[in-house]
Enquirer: 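A single structure is presented below for examination.
Numbering starts at 1 and runs along the sequence shown.
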Amino acid sequence: MTDVLSNPYSAETGTASGWRLGSGFLLRVAGQPAEAVAVLRTPAAVAWTERVLAAEAVRDALASELREALETALAERAPEDPERVALINLRRDAFNGRRPRPATVTRAEPLLPDRTRALTHQWIAAINRVSELLDQGVAVLGEDLAAARARARQVLADDKLRSAVLLQSEVLEKNMDRYLDPTRKVDKHGRQVERTLLELLYRAALKTSPFSTLTSVGLGRFSDTATRPRPEPTSLEQRSTVRLNVAVLARLAAVVLADPTLRSGLRVSLAPGASSDGETMRYVRRRTAAGSDPDAVVAIDNVHENLFFLPSGPALDDVVALTRDARPTLAELSRQVAAQAAERTDAEADQLIGHLLRLGFLLAPDLQIDLRASDPTKVLIAALEAQDHPTLQQLAASLRAAVDLIDAYPGTPARGRAAVLVGVRDQVRACFELLGAAEQLVPRTVIYEDTTITGDGMEVDRKLWERTRLPDLADLADLLPAFDLNVSRRLTAKGFFKARYGIGGDCQDVVRFCHEFQRDFFDPYTRRSLRRRQFDDDNVFVPQENWFKLPDIVAVDKAREAASLHLRDLSAADSEPVEEIRLGPDFVDAVRRELPPAEQVAQPWSFFVQLAAGPQDPGRLVLNQAYAGLTLMFSRFAHSLDTEGTRARDLISEILRDYAPDGAVLAELRGGYETTNLNVHPAVTQYEIVCPGDASTRPKDEQIALDDLFLVHDAVADRVRLMSRRLGREVVPVYLGFLMPMALPEIQQILLCFSPSGMAQIDLWAGTGDPIPVDGIQSYPRLVLGDLVLQRRMWKLNTADFPFRDPGHSDAEHLLRVRRWRLDHGLPTRLFAQIDNAAAKSAVDDGAAPDTPETPGAERKAGRKPLPVDFDSWMSLQLLEQLALGASARIVLTEANPDTDQLWLTDEHGRPHVCELLLELYDTGRDNDDE
């Protein structure tokens, strides 16, 4: 099926359909060359299976021809002829594909014509040939596997890989040398170690999820003067940036604050936005609970915010008066509060202040983690060193010793890093022991490592990309509101506001609005929407709950339904299975015309794409994921990318400044999480919204307090605007950390309802009806929009239809079975496999970042990370079976596109690497035209 897209690119404006390319892009490069896993193949065993399959084909063809000849011979004899029995027995053997008994052949031969007799001998010879080949299989596979394992040991001994293994699992790194020793026999434990190491190797060579040395990132620019069609970094040499896990700092700070003696010298401030509300004191309470999974590589604590009321009284009023405009130490505040009334004692004042700290009514700014610092640990150390208490001085010394080890970590050879990591962990444990805290508070992961590559050679021809690739990306961006998980939240927030405050109405109390919206509507709405199925069992579209009867919600629903109906018609038009369906202008128009006006749903988008090298530059784009824009996916690496030649912070600031709508300012939300490095990045917006629990380190004139904000409905634009009284301008809140918006504290989630941020889940096949399975496997063709691959070819099967190993079969017999299964279903030699469990939540569902590093075992269990599969490698097939054994429902197989023969990025040694580009598109309707 072909359907050629027109090119809507405008040479005058440099835009396509109201979209422009962002100035920067991120290049994510696999840490190992693709050839690192090619050496894991077992070519001799594969060649053996091909010989067996070819011999079986000859045998079966001869058997078919022989059966026909025997049918003719039988037809020539009378039914009562006793000699028919010998011919019938021979025919039965041919039909069943088994070697006939010698007696059967002896009796039948005299009854056969010369040609049939010769055919019988050829068929028996073919059977013998298959048997001979099958007998060779165990030895061939054994020798081939031994050679592949020897090559695997050489590759796995790579220092870069060892560095990543260490941060994934210190126990695994300790076991590496035992496995890598060629003189040791691989026992059951060795095979477990081997499988885990091979999973990491496949990930390092064929995946692009940044973690340690498994994947590096580099910052590039689109330039009007560049002539490169694709980035050509001068070197892929990795530069390491290592930091202490900020969860360590936040948990230590919490322990200090809980100790009346240790905290006495700390300065305190009133929670932002705390105010008197009649007979109560109103503020927003932030609560943090340590993550519950002790084995998680990334432990993300839980943070919640809710409007809280304390009964007012003289003592509380005194605390507020003493901290409203000052930051006394806790000891000073206790004395001052006690002195305000003759009947109060110091002990009672201490007890009150302790409760207020625990409830978040009072904050200790010096112990808040500065996530905008290039090294938050050093900032906290300086704050602790400024305290007089000797225990806090010792705590600072232990943390500084840990930092000294961390600073030496990147330059430490791979085999010496384990000792350094142990030293860091010991210092962290010493910190908690010094405070008398439970060892369970020590996170499993104590350091984070990111690796970057040079910025040289990373400028790319903007005009070429705008002419060749922007039109397809712009069409996709136009369609994404139909698949955006956030757009309905934003529209519903507007509907709630209009219902509560009226068209053109305003709300002067943002905190109360957030509280009432969360309590009365948003929380139950979110829970119900997460349980909603877009299509029922009959593939009938299920509309969203539209509590405020909003026409824009209806429009989004119609657009989503139109996408499925159009694809359903295209699929039905193909009478035979096809590999690819091209979605043309009719598809784009069918969806786009149903959507609400662009000004209601348009927003920046980021696209994770791969380039498949082809005859035309820059190459065909393959979409991996569409996500929110506004440099969100750049932020985590900004400090690491900020080098003398690459000013990542300046580029990100420039991109955000250019996109700020006329008359509006962008203001960052910190995210509320001080316990994850996923929120660490420099300040890149002009302002910051100071939320409850935050103690901003930015200058006062760059801070926007919640009580400075109000909401107003612009009846002309039909938008609810968040406004600052002090600035007299619209404030656009943005979150630039790596957590999903629904994982943020409640108030920040609601503020993002007034921000152009989205999150698309593009599942075009939903609602189109499942293809008819062939031997249990459903096949889905590739979906292409213009020259952009939206969804790769895909196969789905239940675990019952997977070729699990028969305990009675040898390894060689099982390899032959799997190879035959692949060929019978037309599966490519290389693909990706993933569990499709209904219970397995995606990164979007559980609030984790899209490329949060996790242990390989956890990835398989969660069904999130696809496993590269190579049918030419016995080792790879063992990993595939392990994945299938862990599946409770379906398995999804996806083509490797681009495949290794389409890779274009090479290192200094000419070795191709898998890579991924992170591009951004900005809707020009909101661009800042101010110069």
Side-chain angles (χ1 to χ4, degrees), residues 1-22 25 222 462-484 487 555-556 558-567 569-570 580-612 616 618-629 756 758-765 781-792 917-927:
M1 176 179 297
T2 58
D3 198 349
V4 180
L5 274 172
S6 58
N7 186 333
Y9 173 77
S10 167
E12 292 183 6
T13 64
T15 63
S17 303
W19 297 90
R20 62 174 174 81
L21 281 170
F25 63 84
F222 288 106
R462 171 187 288 276
K463 294 179 181 178
L464 173 65
W465 275 72
E466 287 177 338
R467 186 175 67 253
T468 61
R469 295 295 167 258
L470 178 58
D472 294 335
L473 291 171
D475 276 338
L476 175 58
D478 280 347
L479 307 181
L480 284 180
F483 304 90
D484 184 0
V487 68
V556 170
K558 287 184 176 180
R560 179 63 188 92
E561 185 178 20
S564 291
L565 291 175
H566 193 92
L567 182 54
D569 292 342
L570 288 177
E580 183 173 292
I581 293 178
R582 296 184 64 82
L583 305 173
D586 290 346
F587 173 77
V588 176
D589 292 341
V591 180
R592 189 159 47 197
R593 66 169 167 258
E594 298 289 356
L595 285 168
E599 57 268 19
Q600 299 299 323
V601 293
Q603 63 162 73
W605 288 102
S606 61
F607 297 106
F608 294 82
V609 296
Q610 289 179 261
L611 273 175
Q616 295 183 340
R620 188 182 218 188
L621 287 182
V622 183
L623 179 69
N624 288 338
Q625 188 178 19
Y627 199 69
M759 188 165 45
Q761 283 188 328
I762 307 173
D763 182 7
L764 290 171
W765 290 114
R782 184 185 309 115
L783 298 179
V784 182
L785 178 66
D787 206 23
L788 170 66
V789 177
L790 294 184
Q791 289 189 225
R792 297 168 172 87
L917 289 166
L918 171 60
L919 313 173
E920 289 195 324
L921 254 62
Y922 287 87
D923 51 303
T924 57
R926 288 173 62 90
D927 277 352

Enquirer: Please check if the side chain of Arg20 supplies one atom and the backbone of Asp923 the other of a donor-acceptor pair under 3.5 Å.
Expert: no
Enquirer: Is there a side-chain contact between Val556 and Pro596 (heavy atoms, below 4.5 Å)?
Expert: yes
Enquirer: To the closest 0.5 Å, what do you measure between CG (Asp472) and CG (Leu790)?
Expert: 9.0 Å
Enquirer: Just to verify, what does Asp484 make a side-chain hydrogen bond (donor to acceptor under 3.5 Å, both in side chains) with, not counting sequence neighbours?
Expert: none
Enquirer: Do Val622 and Val609 have side chains that get closer than 4.5 Å, going by heavy atoms?
Expert: no
Enquirer: Going by side chain to side chain contact (heavy atoms under 4.5 Å, CB included), name the residues that satisfy it together with Ala562, two or more places apart in sequence or in a different chain.
Expert: Glu594
Enquirer: Distance check, rounded to the nearest 0.5 Å: Arg469 atom CZ versus Leu611 atom CG?
Expert: 7.5 Å
Enquirer: For a quick test of reading the model, state the closest non-hydrogen atom pair linking Ile762 to Leu480 and the distance between them.
Expert: CD1-CD2, 3.5 Å
Enquirer: Taking side chain to side chain contact (heavy atoms under 4.5 Å, CB included) as the definition, give me every residue that meets it alongside Asp763, ordered by chain and number, with sequence neighbours left out.
Expert: Trp765, Ala766, Gln791
Enquirer: For residues Leu623 and Arg792, report the shortest heavy-atom separation together with the two atoms involved.
Expert: O-NH1, 3.4 Å
Enquirer: Taking the side chain as every heavy atom from C-beta outward, state whether Leu783 and Val789 have any pair of such atoms under 4.5 Å apart.
Expert: no
Enquirer: Could you walk me through whether Leu583 and Val588 pass the side chain to side chain contact (heavy atoms under 4.5 Å, CB included) check?
Expert: CA-CA 8 Å; Leu583 305 173; Val588 176; over 6 Å; no
Enquirer: How many angstroms lie between CG in Leu470 and CG in Leu21, if you round to the nearest 0.5 Å?
Expert: 5.0 Å
Enquirer: Less than 4.5 Å apart, side chain to side chain, heavy atoms only: is that true for Leu918 and Tyr627?
Expert: no
Enquirer: What's the spacing between Leu788 CG and Phe607 CZ if we round to 0.5 Å?
Expert: 8.0 Å
Enquirer: When you compare the side chain of Trp605 with that of Leu476, does any pair of heavy atoms fall below 4.5 Å?
Expert: no
Enquirer: Looking only at heavy atoms, which two atoms of Phe222 and Gly22 are closest? And how far apart?
Expert: CD1-O, 3.3 Å
Enquirer: Are any non-hydrogen side-chain atoms of His566 and Val591 less than 4.5 angstrom apart?
Expert: no
Enquirer: Are the side chains of Leu570 and Arg582 in touch, meaning some heavy atoms are under 4.5 Å apart?
Expert: no
Enquirer: Out of curiosity, Phe587 CZ to Leu764 CG, how far, rounded to the nearest 0.5 Å?
Expert: 5.0 Å
Enquirer: Can you tell if the side chain of Val784 reaches within under 4.5 Å of the side chain of Arg620, non-hydrogen atoms only?
Expert: yes
Enquirer: Nearest 0.5 Å please: distance from the CG atom of Leu473 over to the CG atom of Asp478.
Expert: 11.0 Å
Enquirer: Give a yes or no answer on whether the side chain of Ser606 reaches the backbone of Glu920 with a donor-acceptor pair at less than 3.5 Å.
Expert: no
